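Heads up: the structure comes next, in structure tokens.
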Amino acid sequence: MSAAAPAGFPRVALIGLGLIASSMAHALRAKGLCTEIVGYARSDETRRIALELFCDRVTDSAAEAVQGADLVVLAVPVGAMGEIAAEIASHLKPGAVVTDVGSVKEAVIEAVAPHLPAVVHFIPGHPLAGTEYSGPRSGFSTLFENRWWLLTPLEGQDPEPLARLRALLEAIGANVDEMDPKRHDLVLAVVSHTPHLIAFTMVGVADHLRRVTQEEVIKYSASGFRDFTRIAASDPTMWRDVFLTNKDAVLDILGRFTEELFMLQRQIRMGEGEQLHAYFSRTREIRRGIIEAGQDTSAPDFGRAAPHKPGDPVGG
């Protein structure tokens with residue numbers, strides 16, 4: 001897709017340089033959507049790799065990275081958002097747009113918004129895109145193509161910077177939608193957070209069983225378990241913060257899941273084949289709907305190639 005560069009974001013500052021930030025940088029570069037990308041990460045090694053692969057400049061402080069930036073993207077774990085916001089607040093350019101890529105929105109807003117000056121525009125966001133890989137080498141320019149990027153504007157949001165940010169995200173291939181922060185956290189608890197928790201749990205159970213069966217669980221893994229292990233390979237720091245900051249919604253959905261599980265246990269125990277068949281038929285339609293909506297294909301990893309180890313070249 002070709003697109004003219006949206007006006008107003010010549011300098012972009014990326015705070016945190018993992019999968020999402022590095023993919024965003026590759027996409028911005030590939031489409032010529034900014035003139036300078038400045039990055040910050042705590043690790044010297046991460047900054048070195050980012051400078052080599054996708055940043056025009058890197059700094060050893062977040063405050064320095066945001067100076068003069070037209071767009072600031074907070075791409076650190078949710079638990080670190082407030083600390084970073086406090087650090088950069090007095091260094092932000094008047095009129096700058098500040099956004100984030102956190103998987104939880106209410107907690108991020110509570111942590112970040114109080115620190116930011118009134119002269120900047122805070123527009124929380126969340127790209128529904130990713131792989132099980134992390135770090136500055138994991139990014140690729142097509143990660144966001146045809147994937148949803150949710151924005152959760154605050155009350156009284158100026159429509160002009162919102163429109164500019166939306167245009168930029170659409171230019172890198174994302175489908176952009178707006179959502180109330182509380183609604184966002186509930187929806188993500190259903191489609192992402194609780195499924196990840198279940199995957200972590202199932203892999204933990206299999207790990208315990210593996211010790212009993214002398215590696216047979218791993219040796220004979222079927223595709224279902226492989227999918228669980230792929231999901232459970234996600235960044236542990238990020239997911240720790242997600243569950244601690246979106247606990248009410250996750251616990252709600254986890255309770256509903258438990259009720260469904262008890263129902264299925266009873267049907268299996270009682271040999272209620274017709275009820276099981278009807279249940280599985282209904283749930284199969286969800287999968288068909290996801291494919292019809294263009295949010296998955298039969299190819300692994302949404303049909304995209306991403307680096308599989310630190311030494312691999314960046315895809316896209």
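Positions are given from 1 along the sequence. Quick caveat, the model's predicted, so the values are computed rather than measured.
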Distance-only, no hydrogens or angles: does the [X] side chain make a donor-acceptor pair with backbone N or O of [Y] under 3.5 Å?
X	Y	value
R29	F54	yes
T35	P10	yes
S43	T46	yes
S192	L188	no
R47	A41	yes
T99	V73	no
D241	G79	yes
S23	I20	no
D185	A249	no

**OP:** On the 0 to 90° scale, with breaks at 30° and 60°, tag the W239-H196 ring pair as parallel, tilted or perpendicular.
**Re:**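 It falls in the parallel class, under 30°.
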Original post:
Under the salt bridge (charged side-chain N to carboxylate O under 4.0 Å, His left out) rule, what pairs show up with a residue in residues 243-252, not counting sequence neighbours?
Top reply: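 The answer is D252-R256.
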State, to 0.1 Å, how close [X] and [Y] come at their nearest heavy-atom pair, and which atoms those are.
X	Y	value
A13	A65	CB-O, 3.5 Å
L169	L151	CD1-CD2, 4.0 Å
A189	P195	O-CD, 3.8 Å

[X]: what forms a side-chain hydrogen bond (donor to acceptor under 3.5 Å, both in side chains) with it, not counting sequence neighbours?
X	answer
E36	R11, R57
Q275	none
N246	H193

Original post:
So, are R42 and D60 salt-bridged, with charged N and O less than 4.0 Å apart?
Top reply: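 Looking at R42 and D60, the cut-off is not met.
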**OP:** Step through the shown structure and confirm whether more than 12 heavy atoms of other residues, nucleotides or ligands are within 6.0 Å of CD on E83.
**Re:**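 No.
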Original post:
Under 6.0 Å from the CD atom of E160, do we count more than 12 heavy atoms belonging to anything else shown?
Top reply: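 Correct, the count exceeds 12.
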**OP:** Identify whether I123 and L71 are in the same connected component of the hydrophobic contact network (ILVMFWY, side-chain heavy atoms under 4.5 Å).
**Re:**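 I123 clusters together with L71.
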Original post:
Under 4.5 Å between any side-chain heavy atoms of L150 and E178, yes or no?
Top reply: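 A side-chain contact under 4.5 Å is absent here.
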**OP:** Kindly indicate whether the side chain of E272, heavy atoms from C-beta on, has any atom under 4.5 Å from the side chain of R266.
**Re:**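 The answer is yes, as the side chains (C-beta and beyond) meet within the 4.5 Å cut-off.
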**OP:** With sequence neighbours left out, write down each residue that passes ring pair (Phe, Tyr, Trp, His ring centres under 6.0 Å) with H121, or none if nothing qualifies.
**Re:**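 H121 satisfies ring pair (Phe, Tyr, Trp, His ring centres under 6.0 Å) with no residue once adjacent residues are dropped.
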Original post:
By the rule that ILVMFWY residues connect when side-chain heavy atoms come within less than 4.5 angstrom, directly or transitively, which residues belong alongside Y40?
Top reply: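 The other cluster members (ILVMFWY side chains, heavy atoms under 4.5 Å, direct or chained) are I15, V66, V72, L74, V76, V78, M81, I84, I88, L92, V98, V108, I109, V112, L116, V119, V120, F122, L154.
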